[in-house]
Amino acid sequence: MKLLQDRVGSITGASRGIGRATALEAARQGARLILIARSREGLEETAHQVENEGGVRPQIIVCDVADESSLKTAFREMHGYTKQLDFLVNNAGILRDAVIGMISTKQILEVLHTNLISLIQIMQFAARIMMGAKSGSIVNIASIIGRSGNEGQVVYGASKAGVIGATKSAARELAPHGIRVNAVAPGVIATSMIANIPESKKEELLGSIKMNRLGQPEEVAKIICVLASDYSSYVTGQILGVDGGMWL
Ligand SMILES: NC(=O)c1ccc[n+]([C@@H]2O[C@H](COP(=O)([O-])OP(=O)(O)OC[C@H]3O[C@@H](n4cnc5c(N)ncnc54)[C@H](OP(=O)(O)O)[C@@H]3O)[C@@H](O)[C@H]2O)c1
């Protein structure tokens, strides 16, 4: 029996990186998927890869999660596809590094809307469906930066610390309804998000990772799938570091 056999799940930010790796792993584990991101091309490519591996072709929804009306349309579309939602992976996120004196209000709002506000709104939507079934699992993607902070990442750090707070509060609130809420806090993962980090900074980061290598999106995806599945049936409100020992 596969980990997510016949489960229906939605993954945001599934057009590349950790979200795409999660879609592929969840499909391998038997899930049927609804994938969300802004890039139709990226989503089509993820869906194509799932199908190529023998998975059920995912539904795709093009949506800017930072835009409330786009998000509402996406919820309606999702309702049209399914009344069942066994798991949600809240993964869409952006990084906009800037030292504190240089952050514009526009940047602050962009990061908070994408990384935190939408995540809460999507949890609300999912929780309503999951409450009806009295079961479900929500996995939010936080970051090691939400715990440790980092220079140049005041807003990103605030958004990810917010994800951790939202995860713990939602876990308390939704446990009586049979819904588990956990978060994964990746360290430094080799995706396009970190592509622009200068080599010298990457060397410095490697020095702080006890396993002395970057993580791969697939290594985060596997943990997300365990948290989405019944293999973690007695786990809620947890923030699980996937960071090669960076947070030790
Ligand atoms: N890579 C790391 O080292 C690392 C470390 C800690 C935490 N994380 C977190 O892991 C998550 C995934 O990151 P990643 O490394 O896979 O980054 P990535 O390769 O840049 O992927 C980000 C994903 O989020 C989607 N997204 C961004 N803004 C969106 C919006 N407004 N509406 C809908 N979708 C949006 C992107 O799709 P579109 O552009 O197509 O919309 C893309 O699919 C993020 O939450 C990130 O903060 C990453």
Side-chain angles (χ1 to χ4, degrees), residues 2-4 7-67 70-82 84-95 113-123 125-126 129 136-143 160 163 182-184 186 189-195 215-229 242:
K2 293 175 177 172
L3 217 55
L4 295 167
R7 299 290 165 95
V8 176
S10 182
I11 304 168
T12 70
S15 60
R16 59 177 186 268
I18 293 170
R20 173 177 287 166
T22 304
L24 285 165
E25 184 58 32
R28 281 179 209 124
Q29 297 299 334
R32 286 185 289 129
L33 298 168
I34 301 159
L35 308 179
I36 296 173
R38 290 168 301 183
S39 160
R40 178 177 294 282
E41 206 184 345
L43 289 171
E44 293 281 6
E45 176 56 28
T46 305
H48 178 68
Q49 290 187 20
V50 166
E51 247 188 331
N52 259 1
E53 288 194 5
V56 178
R57 185 177 173 81
Q59 301 283 356
I60 63 174
I61 299 180
V62 176
C63 166
D64 177 354
V65 298
D67 178 278
S70 176
L71 202 51
K72 281 187 177 154
T73 308
F75 292 156
R76 275 197 295 277
E77 220 177 308
M78 210 191 295
H79 250 307
Y81 290 137
T82 183
Q84 181 189 347
L85 189 65
D86 301 301
F87 67 93
L88 162 72
V89 182
N90 249 326
N91 164 77
I94 53 169
L95 185 66
H113 272 294
T114 309
N115 293 5
L116 180 59
I117 297 174
S118 76
L119 175 136
I120 296 171
Q121 291 168 323
I122 299 168
M123 278 207 288
F125 170 78
I129 301 180
S137 174
I138 296 173
V139 186
N140 293 324
I141 310 307
S143 165
K160 293 301 187 180
V163 170
N182 292 288
V184 165
I189 311 299
T191 69
S192 59
M193 184 169 275
I194 64 150
Q216 294 303 313
E218 294 74 18
E219 295 178 290
V220 185
K222 285 180 182 157
I223 296 299
I224 293 171
C225 287
V226 169
L227 289 174
S229 80
V242 184

Please name the pair of heavy atoms, one in A47 and one in L35, separated by the smallest distance, quoted to 0.1 Å.
-> N-CD1, 4.4 Å

Over all atoms of both residues, closest heavy-atom pair of G13 and N91 = O-ND2, 3.0 Å

Where do Q59 and E77 land on the side-chain contact (heavy atoms from CB on, under 4.5 Å) test, with the steps shown first?
-> CA-CA 10 Å; Q59 301 283 356; E77 220 177 308; over 6 Å; no

Look at the side chain of T46 and the backbone N and O of G42, then say whether any donor-acceptor pair between them is shorter than 3.5 Å.
-> yes

Taking 4.0 angstrom as the limit, do E51 and R57 come out as a salt bridge?
-> yes

Separation between CZ (R40) and CD1 (I61), nearest 0.5 Å, reads 10.5 Å

Where do E218 and A21 come nearest, in terms of heavy atoms and distance?
-> N-CB, 4.0 Å

Do D86 side-chain atoms and G9 backbone N/O form a donor-acceptor pair below 3.5 Å?
-> no

Counting N and O atoms only, with roles assigned by atom type, does the side chain of S15 sit under 3.5 Å from a partner on the main chain of A37, one being a donor and the other an acceptor?
-> no

Hey, are the side chains of I141 and N90 touching, using non-hydrogen atoms and a 4.5 Å cut-off?
-> no

Without swapping roles, check the side chain of K2 against the backbone of A26 for a donor-acceptor pair under 3.5 Å.
-> no

Side-chain contact test, heavy atoms from C-beta onward, threshold under 4.5 Å: evaluate it for V220 versus T22 and give yes or no.
-> no

Return yes if some donor-acceptor pair links the side-chain N/O of S137 with the main-chain N/O of L227 below 3.5 Å, else return no.
-> yes

side-chain contact (heavy atoms from CB on, under 4.5 Å) evaluation trace for M78 with I129 | CA-CA 11 Å; M78 210 191 295; I129 301 180; 5.6 Å; no

Taking every non-hydrogen atom, the tightest pair across F87 and R7 = CE2-CB, 4.0 Å

In this structure, OG of S229 is separated from CD of Q29 (nearest 0.5 Å) by 8.0 Å

Stepwise, does the side-chain contact (heavy atoms from CB on, under 4.5 Å) test hold for I224 with I18?
-> CA-CA 10 Å; I224 293 171; I18 293 170; 4.0 Å; yes

Nearest atoms (heavy-atom pairs only) where I138 meets A126 = CD1-CB, 4.5 Å

Can you find a heavy atom in the side chain of H79 that is under 4.5 Å from one in the side chain of F125?
-> yes

List the steps, then state whether side-chain contact (heavy atoms from CB on, under 4.5 Å) holds for I122 with T12.
-> CA-CA 9 Å; I122 299 168; T12 70; 3.9 Å; yes

May I ask you to test the V65-S70 pair for a side-chain heavy-atom distance under 4.5 Å?
-> no

Distance only, no hydrogens: is a donor on one side chain within 3.5 Å (strictly under) of an acceptor on the other, for Q49 and E53?
-> no

To the nearest 0.5 Å, tell me how far C225 SG sits from I11 CD1.
-> 7.0 Å

Atom pair NE2 (H113) and CG (N115), whose distance is rounded to the nearest 0.5 Å | 11.5 Å

To the nearest 0.5 angstrom, please state how far the CD atom of Q84 sits from the CD1 atom of I34.
-> 9.5 Å

Taking side chain as C-beta onward, heavy atoms only, is E45 less than 4.5 Å from H48?
-> yes

Expected output: side-chain T114 to main-chain A66 donor-acceptor under 3.5 Å | no

Roughly how far, to the nearest 0.5 Å, is the CG atom of L4 from the CD atom of E25?
-> 8.5 Å

Correct closest heavy-atom pair for K160 and S143 would be CG-CB, 3.6 Å

